[in-house]
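A note on names: the letters A, B, ... follow the listed sequences, proteins ahead of strands, and every chain is numbered from 1. Small disclaimer: the values here were computed from a predicted structure and weren't measured.
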Number of protein chains: 2
Amino acid sequence: MTRQRLADPTPPPAPPEGGLRERKKRRTRAALIHSALELFTTQGYEQTTVDEIADAVEVSQRTFFRYFANKEEVAFAVQEAVEAQFFDALRERPAGEPPMTALRRAVSLAWDTIEQAIGETVPPELHMRMYHVIESTPALIAVHLRRSVELEERLAREIADREGLDLDSDPRPRVLVAAFSGVIRVSGRLWGARGDCSSDAIRKLTEAYLDHLTPALAEDWNTGSTHA
Amino acid sequence: MTRQRLADPTPPPAPPEGGLRERKKRRTRAALIHSALELFTTQGYEQTTVDEIADAVEVSQRTFFRYFANKEEVAFAVQEAVEAQFFDALRERPAGEPPMTALRRAVSLAWDTIEQAIGETVPPELHMRMYHVIESTPALIAVHLRRSVELEERLAREIADREGLDLDSDPRPRVLVAAFSGVIRVSGRLWGARGDCSSDAIRKLTEAYLDHLTPALAEDWNTGSTHA
DNA sequence: TTGTCAACTGTCAGTGACTGACATTAGCCT
DNA sequence: AGGCTAATGTCAGTCACTGACAGTTGACAA
């Protein structure tokens, strides 16, 4: 078989998404997440063993730990995806956009993409039930808080970068991100408290809350004055 | 056995500091904390096993878990004591005192009492080294954040109580406590970053920081107006 | 003093999270 | 076809943590 590929930028003429191996891995991972959330939300997080999750997907416990560093990680897999989506969206915002505008446009875009990206493996309704489990499990609350702080730090760094500021000497990126995150957290909790789990509802809610915040922070940061 | 206790308000007429049993328990507990912190700060938290701690005090592992629900708890034992001290001090502040004043006087008093109460079993220098370990151990960071949130909630509840407010409808207690806690956290981190671990240094630092905050919140809450 | 009771502790066995080592399987590529 | 290697399974072992049971020891009354 002397097959010549000449001008072929994608060596394996595989379907849109990688080879069989890749697809299998993605399927296993998705199945693990799905089964885990299903079990967590029905029996509780502590009452669910890793063995149960692995058995449900018919893989060994060892394989589970090759996909997730620990039991907590699978619980936050969806959140992780959402945040990554958001962070990517933020990074793609045009440089001219004021920081706050970039942040709120990024969340809006993220919520859109999420419905399709996540919705396939984990129905939104399950995601929301999992949110409740996290909020009512001390071990997961702790992890959730740590993750939030870590995300805020990354956001502050990104904002500082795009504005050409020094994070150590200029407090404004952190302050902005803290305020922004506070609003996001509040609207997230409200979303969890309500029954409505459509991505449209959460987006509308978030925007409404951010509208209260924006006026107070609308000044353009690139006016030269470093401090009021 | 028909035992009648007549008028005896304190069934066991124990000496000022409890019986021998009590003292023994306190000694064991103090020894466990001391050894644990010593090991955590020299080898790291994850690298230290509960068996090591128990062996160092010459008790069984099972006994360790009768004193502390888990490995984390012994790591936060000192913080726990400090917070309890602070909380007690707050509760004893006169009712007429404005909330913010009560909070800052309570911290001041707490820092005083701490030096003697804690200093006996755990030298301040060890306490500070442990603070660093907490700040650099992901598992402990998570727990620390959860504990902070829990403390804030209790503080907000206490403030709402003493002002006769409803925590669910009036946001001011939470806002005040959030601001106060933020300042405490910042000054705490600075204290950790510096070398100086005297209780006087941290108290001065805290007060200086709180001075920036107070002016903006000095209004008396009992003027009748619920919202600005 | 002595005996009883209850608290404290130790021992043991077991579960569950997690890891390293090694053998086996199964896509991938020539 | 056959070799390479990533993915998986198996096994043994560590560590945090728990329930059950037995032994020890302060506390307290007779």
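- Residue A:Arg62 contributes atom CZ, which lies 14 Å from atom P of C:dA17 at whole-angstrom precision.
- For C:dT9, one of the phosphate oxygens OP1 or OP2 lies less than 4.0 angstrom from a side-chain nitrogen or oxygen of B:Tyr67.
- Here the P atom of nucleotide D:dA7 and the CD atom of A:Glu22 are 7 Å apart, to the nearest Å.
- Heavy atoms of B:Ser60 sit under 4.0 angstrom from at least one base atom.
- By the 6.0 Å contact criterion, CZ on B:Arg189 is open, its count of non-hydrogen atoms from other residues, nucleotides or ligands being 12 or less.
- Between C:dC18 and A:Lys71, no contact under 4.0 Å exists linking OP1 or OP2 to a side-chain N or O.
- Here the C1' atom of nucleotide D:dC15 and the CG atom of B:Leu39 are 16 Å apart, to the nearest Å.
- Atom CZ in B:Phe68 sits roughly 12 Å away from atom P in C:dT9 (whole-Å rounding).
- Between the OH atom of B:Tyr45 and the C1' atom of D:dA16 there is a distance of 9 Å, rounded to whole Å.
- Summary of the strand contacts: B:Asn70 and B:Arg21 both lie near DNA chain D, and taking for each the nucleotide with the nearest heavy atom, the more 5' one is attributed to B:Asn70.
- In this structure, of C:dT11, C:dC18, D:dT8, it is D:dT8 that holds the atom nearest to the side chain of A:Thr63.
- Remark: B:Gln47 CD is packed, more than 12 non-hydrogen atoms of other residues, nucleotides or ligands lying under 6.0 Å away.
- A salt bridge does not link A:Arg174 with A:Glu152: none of the charged nitrogens is closer than 4.0 Å to a carboxylate oxygen.
- A cation-pi contact, defined as under 6.0 Å to the ring centre and within 45° of the axis, links B:Arg154 to B:Phe87.
- The shortest distance between the side-chain N/O atoms of A:Lys25 and the OP1/OP2 oxygens of D:dA6 is not below 4.0 Å.
- The CZ atom of B:Phe64 sits 11 Å away from the P atom of D:dT18 (whole-angstrom rounding).
- Between A:Glu58 atom CD and C:dT25 atom P the separation is 18 Å, expressed in whole Å.
- One cannot find a donor-acceptor pair under 3.5 Å joining the base of C:dG27 and the side-chain atoms of A:Arg23.
- Counting only heavy atoms from C-beta on, A:Arg66 has its side chain closest to C:dC22 among D:dA7, C:dG10, C:dC22.
- A donor-acceptor pair shorter than 3.5 Å can be found between the side chains of B:Ser108 and B:Glu207.
- With rounding to whole Å, A:Glu72 atom CD is found 14 Å from D:dA16 atom C1'.
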